[in-house]
Amino acid sequence: MLAQYRIFVVPLLLLIAVLAGCKVDSVNPISPFETAQPDTAIYGVWRYKSKDDLSYIHIGPEFR
């Protein structure tokens, strides 16, 4: 029983540790965070359709 528990928990803990250690940062950011403005041109509902899947992405402050 303990061996089965380790098979699932150890890789999960390792994945969490790796992802938590990833700092998303840029040496050359597109714009300073203090003066950045949202791009209102992408606000709305976007649809993605593949062969077997249909997904919607909601972008904008009204979807929070």
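Below, each value reflects all heavy atoms present in this structure, side chains not excepted, and no hydrogens, waters or symmetry copies.
- With sequence neighbours excluded, the residues satisfying side-chain hydrogen bond (donor to acceptor under 3.5 Å, both in side chains) with Asp53 are Ser55.
- Applying the side-chain contact (heavy atoms from CB on, under 4.5 Å) rule to Val10 yields the partners Arg6; only residues at least two apart in sequence or on another chain are considered.
- Considering only residues two or more places apart in sequence or on other chains, Asp52 meets the side-chain contact (heavy atoms from CB on, under 4.5 Å) condition with none of them.
- Applying the 6.0 Å contact sphere to CD1 of Ile59 captures more than 12 heavy atoms from other residues, nucleotides or ligands.
- We find the CG-CD1 distance between Leu12 and Ile7 to be 14.0 Å, quoted to the nearest 0.5 Å.
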Mind listing the side-chain donor-acceptor pairs of residues 42-49 below 3.5 Å, one per line with the distance, residues two or more places apart or on another chain?
residue, atom, partner, partner atom, Å
Trp46, NE1, Ile42, O, 2.8

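- By the side-chain hydrogen bond (donor to acceptor under 3.5 Å, both in side chains) test, Thr35 pairs with no residue at all, sequence neighbours left out.
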